[in-house]
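What follows is a single structure, written as structure tokens, with notes after it.
Values below: all heavy atoms of this structure, side chains included; hydrogens, waters and symmetry mates excluded. Predicted, not measured: the structure shown is a model, and the values here were computed from it.
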Amino acid sequence: MSDAARHVDRPRVARPQVDRSHDPERRRRILEAGMGLFSAMPYAAVHMDAVAAAAGVAKPTLYRYFPTKEALFIAGLAWTLADLRDAVGAIRERDAAARLRIAVGLALERIGALSPALTAIEGRGAEFGERSRRVLREGFDGLRGALADLLREGVASGDLAVPDVDLAVLMILGGIRMAVHGTGRRAPASAAVADFFLNGLSAAAAPSRRTGAPR
């Protein structure tokens with residue numbers, strides 16, 4: 001049999017194709033670079049050229065992942081909130097009050113840095129505003145579970161007295177959201193917000209200044 005005959009019916013084995021357009025590591029790098037710029041600069045000052053350069057990718061590659069700056073920001077917002085949820089769940093300090101302080105600080109730092117951009121994107125149209133609010137709602141739903149676990153651990157250890165964990169979590173998240181969103185300003189100091197949640201509104205008993213018997 002000739003060589004030509006031997007090759008007539010031989011099936012061709014397709015080589016596996018690597019789809020680089022959906023590389024998770026590259027996508028993470030783009031999101032990390034983009035959110036770093038959105039956190040540090042006014043929304044209008046962030047350009048896709050700068051994002052591509054910061055992420056170390058070509059501009060056409062960036063547009064394959066995110067066709068617009070708005071799409072990049074909204075995807076980055078969801079990524080930031082999911083990463084924040086994981087970070088809260090990974091806090092390992094033994095004292096529950098310390099864990100809560102760290103959690104509040106992380107939320108204020110990461111969400112607060114994006115507050116001006118959130119305000120700016122809501123002003124770009126009803127569609128973008130609704131999408132960003134939906135991502136915030138979903139992201140805060142994810143945070144709710146992590147914070148609830150933190151509070152329940154504090155109650156079980158005796159470090160915290162929380163009559164209603166679900167209500168406390170809603171108040172914490174609502175306070176954080178109001179503190180960082182809707183004003184376009186940077187978030188307040190995390191220590192002050194954490195103290196408010198931990199100490200409430202009650203006034204501490206003032207120490208007595210009397211040193212002798214009452215007259």
Side-chain angles (χ1 to χ4, degrees), residues 27-55 62 65-66 68-91 99-148 150 168-199 201:
R27 184 178 189 274
R28 183 202 62 77
R29 197 165 70 245
I30 292 172
L31 290 173
E32 192 173 59
M35 299 317 283
L37 292 173
F38 286 123
S39 297
M41 303 169 61
Y43 182 85
V46 177
H47 301 290
M48 296 294 265
D49 288 342
V51 175
L62 172 60
Y65 284 84
F66 305 103
T68 65
K69 185 169 77 168
E70 290 78 14
L72 170 62
F73 177 79
I74 290 171
L77 179 62
W79 174 78
T80 297
L81 291 168
D83 188 66
L84 176 58
R85 176 201 63 210
D86 294 342
V88 169
I91 297 172
R99 291 198 300 274
L100 182 59
R101 288 180 186 278
I102 294 172
V104 170
L106 286 172
L108 287 172
E109 175 188 355
R110 299 189 186 184
I111 302 173
L114 296 174
S115 178
L118 283 166
T119 302
I121 199 168
E122 288 195 351
R124 297 182 69 83
E127 176 189 354
F128 297 125
E130 176 53 36
R131 287 171 64 187
S132 67
R133 287 190 292 271
R134 183 173 65 250
V135 168
L136 276 175
R137 287 194 299 270
E138 293 171 352
F140 272 68
D141 283 345
L143 280 174
R144 184 180 300 149
L147 285 171
L150 188 156
V169 169
L170 288 176
M171 293 177 67
I172 292 171
L173 289 176
I176 291 173
R177 185 166 180 176
M178 290 299 294
V180 303
H181 184 53
T183 64
R185 297 179 296 191
R186 293 290 179 178
S190 60
V193 177
D195 282 340
F196 179 83
F197 291 129
L198 288 167
N199 301 329
L201 299 174

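Minimum interatomic distance between Leu147 and Ala103 (heavy atoms only, all atoms of both residues): CD2-CB, 4.0 Å. Nearest heavy atom pair, residue Ser39 against residue Met35, reads OG-O, 2.8 Å. Heavy atoms only, all atoms of each residue included: Ala113 and Pro116 are closest at O-CD, 3.8 Å. Nearest heavy atom pair, residue Ser132 against residue Leu118, reads CB-CD2, 4.5 Å. Taking every heavy atom of both residues into account, Ala54 and Leu37 meet most closely at CB-CD1, 4.5 Å.
Contact of the Ile111 side chain with the Leu81 side chain is registered, since non-hydrogen atoms from C-beta on lie closer than 4.5 Å.
Summarising the geometry, atom CE belonging to Met48 is positioned 4.0 Å from atom CG belonging to Leu62; distances are rounded to the nearest 0.5 Å. Atom CG of Leu143 and atom CG of Leu136 lie 10.0 Å apart (nearest 0.5 Å). Atom CZ of residue Arg29 and atom CG of residue Leu31 lie 11.0 Å apart, to the nearest 0.5 angstrom.
Taking Ile102 as the reference, Ile91, Glu93, Leu106 meet the side-chain contact (heavy atoms from CB on, under 4.5 Å) condition, with sequence neighbours excluded.
Ion pair Glu130/Arg133 flagged as a salt bridge, since at least one NZ, NE, NH1 or NH2 atom sits closer than 4.0 Å to an Asp/Glu carboxylate oxygen.
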* To do: Go through the steps to decide whether Phe38 and Leu72 satisfy the test side chain to side chain contact (heavy atoms under 4.5 Å, CB included), and finish with yes or no.
  => CA-CA 10 Å; Phe38 286 123; Leu72 170 62; 4.2 Å; yes

Inset, instruction - Show your working on side chain to side chain contact (heavy atoms under 4.5 Å, CB included) between Phe73 and Leu114 and close with a plain yes or no. - result: CA-CA 10 Å; Phe73 177 79; Leu114 296 174; 4.3 Å; yes

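Annotation: side chain to side chain donor-acceptor pair (under 3.5 Å) contacts involving residues 79-89, sequence neighbours excluded, comprise Asp83-Arg110.
The cationic atom of Lys69 (NZ for Lys, CZ for Arg) lies less than 6.0 Å from the six-membered ring centre of Tyr43 and within 45° of the ring axis.
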